Amino acid sequence: MKLPLIKYKLFRRRKNFDPIILFKAKNDLTYKEFVSILENKGAMSPGEHYFKKVKEHFEKTLKSEKDQVKPEVKEKKEKVLDEKTQVKQ
């Protein structure tokens with residue numbers, strides 16, 4: 001016999017659950033998969049609107065992280081190239 005599902009808000013508080021972790025594990029997570037994961041954990045789904053808001057937030061965060069990482073990599077690469085050039089001279 002399955003236990004009744006608890007409300008999502010209560011589940012989040014009790015388990016310290018962060019839905020962003022699900023998106024980090026699987027970028028193309030669908031609403032059906034999201035609902036299935038929550039039901040397996042004993043929680044009700046908060047609804048499709050909430051899912052879309054979290055997914056949009058995750059995508060914005062992911063994009064901003066990518067934008068911030070690119071300049072740093074270029075700067076380090078240029079620094080290494082400059083150091084090698086100086087050593088050769």
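Worth saying up front: this structure is predicted, and the values here are computed from it rather than measured.
In terms of the side-chain hydrogen bond (donor to acceptor under 3.5 Å, both in side chains) criterion, residue partners of Lys26 (sequence neighbours excluded) are, by chain and number, Glu33. Not counting sequence neighbours, the partners of Ile20 by the side chain to side chain contact (heavy atoms under 4.5 Å, CB included) test are Asp18, Lys24, Val54, His57, Phe58. Among residues two or more places apart in sequence or in another chain, the side chain to side chain contact (heavy atoms under 4.5 Å, CB included) test is passed with Val35 by Tyr31, Glu39, Ser45. Residues passing the side chain to side chain contact (heavy atoms under 4.5 Å, CB included) test with Glu59, sequence neighbours excluded: Lys55. By the side-chain hydrogen bond (donor to acceptor under 3.5 Å, both in side chains) test, Arg12 is found to be paired with Tyr50, residues two or more places apart in sequence or in another chain being considered. Lys7 pairs by the side chain to side chain contact (heavy atoms under 4.5 Å, CB included) definition with Met44, not counting sequence neighbours.
Taken from CG in Leu5 to CG in Asn40, the straight-line distance is 10.0 Å, to the nearest 0.5 Å. Atom CD of Glu56 and atom NZ of Lys52 lie 8.5 Å apart (nearest 0.5 Å). If you take CZ on Phe51 and CZ on Phe23, they are separated by 4.0 Å, rounding to the nearest 0.5 Å.
Residues Phe11 and Pro46 have side chains not in contact (no heavy-atom distance under 4.5 Å, counting atoms from C-beta outward).
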